[in-house]
Peer 1: 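If you scroll down you'll find the structure; I have some questions about it.
In the text below, chain A, chain B and the rest are named by the order of the sequence lines, each starting its count at 1. Fair warning: this is a prediction, and the values are worked out from it, not measured in the lab.
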Amino acid sequence: MLQVSYIREHKEEIIKRLAIRNLDSKALIENVLTFDEERRQLQTKLDSAKAEMNTISKEIGNLFKSGEVEKANTLKSKTSELKETIKTLEEGLSEKAEGLKIELYKIPNVPNPLVPKGNSDEDNLETLREGEIPTLHKDALPHWELAKKYDLIDFELGNKITGAGFPVYKGKGARLQRALIAYFLDKNTSAGYTEYQLPHLVNEASGFGTGQLPDKEGQMYHVTGDNLYLIPTAEVPGTNIFRDVILNENELPIGVTGYTPCFRREAGSYGAHVRGLNRLHQFDKVEIIRVEHPSKSYEALDGMVGHVQNILKELKLPYRILRLCGGDLTFASALTYDFEVFSAAQERWLEVSSVSNFETFQSNRLKLRFKNGEGKNQLAHTLNGSALALPRILASILENYQTEDGINVPDILIPYTGFDKID
RNA sequence: GGAGAAAUGGCAGAGUGGUCGAAUGCACUGGUCUUGAAAACCAGCGAGGGUCACACCUCCGGGGGUUCGAAUCCCUCUUUCUCCGCCA
């Protein structure tokens, strides 16, 4: 959520930069400013009405104390009108405040100047491509066939137990999952991130904190009996660690990493592109989250990109980095880099990580601040990224590392799997 | 799940209807003193709104109510603690 004060002071610039997202925000911005203006006017009126009430109340107290009951009662009868005024003003104020909030919720983050113009993923800017795309043997299979052939993942069993999109990993498939999680966590902690084990269900307040609520409610599984939500990403519990927190400047930066399963309803997505591990209702992901000083957040973003890059290099997977265009940028992000790995048998690039700087967009909602050098509370910047999401990494390992007589395990993972070949 | 107790500033902890945004201690910041540090002493020290700046308004777990007036009384929700039950 953008700060109203920022909108007030940078109106034209914001409108101009939101156009990068193909968003004509003029009316929206005007609306916000109108609500804000009206809200402040009512606030001022309400404040002075309350001040008057406070004065009278004090006076009444004093009159009672000095035994002037008559006078006190006269004064008392005067308050009813004032009370009515206050009530009306309060109602008007909360209406305006609510209206302001609703409008603010509609405005996405202002893109960083680096964000290219564009409408869809086709306009994303490829900034780097690295790694060798393997030449597969003639009978090479896509990962869902490989999973079946080597008995690594049982999709049908998942259908039986739960439903589509809840695969069952078994044997070496399960072990490979565990190996990847352990490897990712090790990489992240040695880069300075503190490992957390976080709840997989969150309350409403957390949903609002990271912006899944109120708009994206339909994307999460909702446990209605207890009004809790299954997390769609560790970003939700991980970032809400810092909800309503005021840090000391010297505590920055903070790095958090955690493995969680992620639950997404993904309503309405079916078809060839969601086969196998490509899109699931439940999947595993290791996330990295940073809280940064505003002056350092872009440096930190580059650092995170380098970190993810390093992991993909170690796994020897062919990958590319994309700087997302305005049309593909997520609502809360100011700048996002996507990582895609080439899945040789499907002959497709698969998104495996998304690294973003949210600047103050999340922290404004979260009320995540730090005490700056002047002793003032200032919103911190938040960033996060996947390091990494498992299913498509697994898919591309299976596909890219397949040979005629089995699937090789990437060298870096062998200490974690305890085997070097799936056959 | 049942019974009881509680929730106040970074922490501890006073405060049961008016002068309380809130005593006191600790922590923290600045100063005096000191070669330096410690101690001692002095001062400052929660958050949000509002204002050019003041004034002013709001916040004592969340929400609602009673009252001229609520940290204090009532209702409700949440959380914590103790006991019982259940349990990996």
Peer 1: Under 4.0 Å, heavy atoms only, any strand: does A:N62 hit a base, just the sugar-phosphate, or nothing?
Peer 2: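 Counting heavy atoms under 4.0 Å across all strands, no contact is made by A:N62.
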Peer 1: Quick one: look up who B:U79 pairs with, Watson-Crick or G-U, both distances under 3.5 Å, and put none if it's unpaired.
Peer 2: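 Checking every strand shown, B:U79 finds its partner in B:A6, with both distances under 3.5 Å.
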Peer 1: With rounding to the closest Å, how many angstrom separate the C1' atoms on B:G62 and B:A55?
Peer 2: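 After rounding to an integer number of Å, I get 31 Å for this pair.
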Peer 1: Which part of the nucleic acid, if any, lies within reach of A:T79 when heavy atoms closer than 4.0 Å are counted: base, sugar-phosphate only, or nothing?
Peer 2: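 Sugar-phosphate: the residue A:T79, judged by heavy atoms under 4.0 Å, touches backbone atoms but no base.
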Peer 1: Name the pairing partner of B:C45, where a pair is Watson-Crick or G-U wobble with both distances under 3.5 Å, or state none.
Peer 2: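 Its partner is none (no Watson-Crick or G-U wobble pair with both distances under 3.5 Å).
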Peer 1: Using the C1' atoms only, state how far B:U58 lies from B:A70, rounded to an integer number of Å.
Peer 2: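 14 Å, rounded to whole Å.
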Peer 1: Could you give the distance separating B:C77 and B:C68 at their P atoms, to the nearest angstrom?
Peer 2: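 Between the two P atoms, the distance is 28 Å.
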Peer 1: Please give the distance between the P atoms of B:G21 and B:A12 as a whole number of Å.
Peer 2: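 It works out to 24 Å between them.
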Peer 1: For A:I56, answer base if it contacts any base atom (sugar-phosphate contacts may also be present), sugar-phosphate if it contacts only those atoms, and nothing otherwise; contact means non-hydrogen atoms under 4.0 Å.
Peer 2: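 No contact.
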Peer 1: Please state whether the rings of A:Y229 and A:H222 are parallel, tilted or perpendicular, taking 30° and 60° as the class boundaries.
Peer 2: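 Judged by the thresholds at 30° and 60°, the geometry between A:Y229 and A:H222 is parallel.
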Peer 1: Between A:E37 and A:R40, does any side-chain N to carboxylate O distance fall below 4.0 Å?
Peer 2: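 Looking at A:R40 together with A:E37, the answer is yes, because their closest N to O distance falls below 4.0 Å.
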Peer 1: Give a yes-or-no answer on whether the side chains of A:H381 and A:Q362 include a donor-acceptor pair shorter than 3.5 Å.
Peer 2: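 Per modelled atom types, A:H381 and A:Q362 side chains form no pair under 3.5 Å.
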Peer 1: What contact category does A:N73 fall into here, base, sugar-phosphate, or nothing, at under 4.0 angstrom with non-hydrogen atoms?
Peer 2: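 The residue A:N73 makes no contact with any strand.
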Peer 1: Earliest and latest nucleotide of RNA chain B, 5' to 3', sitting under 4.0 Å from a non-hydrogen atom of chain A?
Peer 2: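 Listed 5' to 3', the contact boundaries are B:G18 to B:G69.
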Peer 1: Distance check, C1' atoms only: B:U67 and B:U16, in whole angstrom units.
Peer 2: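 These two C1' atoms come out 16 Å apart once rounded.
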Peer 1: Taking the P atom in each of B:C59 and B:A40, what is the distance between them to the nearest angstrom?
Peer 2: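 Roughly 38 Å separates the two P atoms.
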Peer 1: Write down the distance separating the P atoms in B:U76 and B:A3, rounded off to the nearest Å.
Peer 2: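 Straight-line distance between the two P atoms is 13 Å.
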Peer 1: Tell me which nucleotide, if any, is Watson-Crick or G-U wobble paired with B:A40 when both distances must be under 3.5 Å.
Peer 2: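 Here B:A40 is engaged in a pair, and the nucleotide opposite it is B:U32.
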Peer 1: Please identify each residue that fulfils ring pair (Phe, Tyr, Trp, His ring centres under 6.0 Å) with A:F166, with sequence neighbours left out.
Peer 2: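 A:H281.
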Peer 1: By the 4.0 Å heavy-atom rule, please label A:K50 as base, sugar-phosphate, or nothing.
Peer 2: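 Sugar-phosphate, no base atom in range.
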Peer 1: According to ring pair (Phe, Tyr, Trp, His ring centres under 6.0 Å), who are the partners of A:Y319, at least two apart in sequence or on a separate chain?
Peer 2: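 Once residues adjacent in sequence are excluded, A:Y319 has no partner under the ring pair (Phe, Tyr, Trp, His ring centres under 6.0 Å) criterion.
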Peer 1: For A:K371, report the nucleic acid contact type (base, sugar-phosphate, nothing); a contact means any heavy atom under 4.0 Å.
Peer 2: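 Counting heavy atoms under 4.0 Å across all strands, the contact made by A:K371 is with sugar-phosphate only.
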Peer 1: Tell me which nucleotide, if any, is Watson-Crick or G-U wobble paired with B:C87 when both distances must be under 3.5 Å.
Peer 2: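 Answer to the pairing question: none, since B:C87 forms no Watson-Crick or G-U pair.
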Peer 1: Under a 3.5 Å cut-off for both contacts, is B:A27 paired Watson-Crick or G-U wobble with anything, and if yes, with which nucleotide?
Peer 2: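 Partner of B:A27: none found under 3.5 Å.
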Peer 1: Could you let me know what B:C54 is paired to, Watson-Crick or G-U wobble, both distances under 3.5 Å, or none if it's on its own?
Peer 2: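 Because no pair has both required distances under 3.5 Å, B:C54 counts as unpaired.
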Peer 1: Listed by chain and number, what are the ring pair (Phe, Tyr, Trp, His ring centres under 6.0 Å) partners of A:Y169, not counting sequence neighbours?
Peer 2: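 Partners of A:Y169 under the ring pair (Phe, Tyr, Trp, His ring centres under 6.0 Å) test: none.
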Peer 1: Who passes ring pair (Phe, Tyr, Trp, His ring centres under 6.0 Å) against A:Y6, sequence neighbours left out?
Peer 2: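 A:Y6 satisfies ring pair (Phe, Tyr, Trp, His ring centres under 6.0 Å) with A:H10 once adjacent residues are dropped.
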Peer 1: On RNA chain B, check which nucleotide each of A:L46 and A:M53 is closest to and give me the residue with the more 5' one.
Peer 2: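 On the 5' side of the pair lies A:L46.
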Peer 1: Please collect all salt bridge (charged side-chain N to carboxylate O under 4.0 Å, His left out) contacts where either partner lies in residues 283-311 of chain A, sequence neighbours excluded, each pair once.
Peer 2: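 Of all non-adjacent pairs touching residues 283-311 of chain A, those that pass salt bridge (charged side-chain N to carboxylate O under 4.0 Å, His left out) are A:K285-A:E287, A:R290-A:E292.
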Peer 1: For the P atoms, the ones on B:C42 and on B:G48, what distance do you get once it is rounded to whole angstrom?
Peer 2: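 Result for the P pair: 30 Å, nearest Å.
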Peer 1: Toward the 5' end of RNA chain B, which comes first, A:N54 or A:K58, by nearest nucleotide?
Peer 2: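 On the 5' side of the pair lies A:K58.
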Peer 1: For B:G69, which nucleotide in any strand shown is its Watson-Crick or wobble partner with both distances under 3.5 Å?
Peer 2: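 B:G69 is paired with nothing.
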